[in-house]
Amino acid sequence: MTIIITLDGPTASGKGAVAAALAEHLGFDYLDSGALYRLVAWQALHAGWTIDTPFDDEHKLQLSEWARHLNVVFTHQHIILNDADVTSAIRAEAVGNMASKIAAVSSVRTSLLQRQRGFARGKGLVADGRDMGSVVFPDAPVKVFLTASSEIRAERRYKQLINKGFSANMRDLVADLNERDERDTKRIHAPLKPAQGAYVLDSTDLTLPQTVAKILDYYASIVA
Ligand code: DC
């Protein structure tokens with residue numbers, strides 16, 4: 001049986017880096033579920049849709065078709081969609097914002113459910129997202145909800161974007177972050193909130209290694 005650690009939390013809380021470090025340390029697989037929503041968003045943007053496109057029934061149908069038939073390959077370091085390397089491109093803020101909007105469509109969430117569960121096939125999985133502990137893997141033995149203040153999250157996102165070669169400015173980032181928090185927490189389907197029994201960890205004053213160490217301690221107290 002695959003041991004599953006779920007790691008949920010708001011945007012730019014550091015989940016991605018923490019999840020990758022945990023997976024590496026434990027020799028587990030890693031599911032970046034946000035990447036799946038970003039890939040659907042990428043297809044929509046590619047088709048000429050914008051963040052202001054109103055989603056009518058036809059749009060929702062198209063979105064769930066894209067989600068169901070995502071032609072994606074995750075290699076160790078790369079994400080290949082329809083034979084194109086989109087690893088960096090899907091990290092743009094515009095793609096993240098569109099992903100957040102698309103993620104509120106329940107048929108998209110349903111279309112991605114089995115694909116996400118399919119990642120649980122090795123000895124262990126670290127699953128990073130918004131609803132990993134509440135919806136996708138409700139029976140996971142170890143559930144973590146990672147938070148951080150919005151100021152520190154904006155700073156982390158800023159550094160992330162600059163490092164990836166995107167331009168960014170703090171004022172826009174704080175506004176984006178607030179908008180995404182609002183959308184992700186207030187949506188009807190699978191809103192962002194700590195799963196029942198989740199260990200809530202505030203990483204505002206913690207470094208990445210400190211955050212990972214705390215989660216490993218927690219993991220050991222449950223699984224070891
Ligand atoms: O983690 P991220 O920033 O890459 O995710 C992009 C968007 O996808 C996020 O704003 C909300 C959505 N998402 C979701 O609704 N459920 C998940 N499990 C993961 C991401």
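Atoms within a ligand are numbered from 1 in the order they appear, just like the ligands themselves. Worth saying up front: this structure is predicted, and the values here are computed from it rather than measured.
- Summary of contacts: the protein heavy atom closest to atom 19 (C) of ligand 1 is S33 OG, 3.4 Å.
- Both tests do not hold together for K143 against Y199: distance to the six-membered ring centre under 6.0 Å, angle to the ring axis within 45°.
- Across T147, T211, L7, a single residue satisfies side-chain contact (heavy atoms from CB on, under 4.5 Å) together with L201, and that is T211.
- Between the side chains of T50 and D52, not a single donor N or O lies within less than 3.5 Å of an accepting N or O.
- Ligand 1 has no N or O atom lying under 3.5 Å from any N or O atom of R157, backbone or side chain.
- Under a cut-off of 6.0 angstrom, the local environment of CD in Q210 is crowded, with over 12 non-hydrogen atoms contributed by other residues, nucleotides or ligands.
- With a heavy-atom cut-off of 4.0 Å, R180 touches ligand 1 through its side chain alone.
- Counted by atom type alone, S13 and R153 present zero donor-acceptor pairs between their side chains at under 3.5 Å.
- A donor-acceptor pair shorter than 3.5 Å cannot be found between the side chains of R130 and Y37.
- The protein atom (non-hydrogen) at minimum distance from atom 7 (C) of ligand 1 is A99 CB, 3.7 Å.
- The nearest protein atom to atom 16 (N) of ligand 1, hydrogens excluded, is given as R109 NH2, 3.0 Å; this is a heavy-atom distance.
- With a 4.0 Å heavy-atom cut-off, ligand 1 is reached by the side chain of R38 but not by its N, CA, C or O.
- Ring to ring, W42 and W49 are not that close: their centroids are 6.0 angstrom or more apart.
- No more than 12 heavy atoms of other residues, nucleotides or ligands lie within 6.0 Å of CG in D83, so this atom counts as exposed by the packing criterion.
- Under the 4.5 Å side-chain contact rule for hydrophobic residues, L45 and L36 share a cluster.
- With a heavy-atom cut-off of 4.0 Å, D184 touches ligand 1 through its side chain alone.
- Using a 4.0 Å cut-off between heavy atoms, R187 contacts ligand 1 through its side chain alone, with no backbone atom that close.
- Within a 6.0 Å radius of CG in D57, no more than 12 heavy atoms belonging to other residues, nucleotides or ligands are found.
- When hydrogens are left out, the protein atom nearest atom 8 (O) of ligand 1 is Y37 CB, 3.5 Å; that is the closest non-hydrogen contact.
- The closest protein non-hydrogen atom to atom 1 (O) of ligand 1 is R130 NH1, 2.9 Å.
- Atoms of ligand 1 lying under 4.0 Å from any heavy atom of G129, numbered from 1 in the order shown and given with element: 18 (N), 19 (C).
- Close approach to T11 involves these atoms of ligand 1, each under 4.0 Å from a residue heavy atom: 3 (O).
- The closest approach between any non-hydrogen atom of M132 and ligand 1 is below 4.0 Å.
- Of the polar atoms of D131, at least one N or O is found under 3.5 Å from an N or O of ligand 1, judged by distance alone.
- The nearest heavy-atom contact from the protein to atom 12 (C) of ligand 1 is A103 CB, 3.6 Å.
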Practice task
Check step by step if side-chain hydrogen bond (donor to acceptor under 3.5 Å, both in side chains) holds for S106 and R187.
Solution key: CA-CA 10 Å; S106 77; R187 68 183 180 218; over 6 Å; no
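- With ligand atoms numbered from 1 in the order given, ligand 1 contributes 7 (C), 10 (O) to contacts under 4.0 Å with heavy atoms of S100.
- For ligand 1, the atoms closer than 4.0 angstrom to any heavy atom of K15 are 1 (O).
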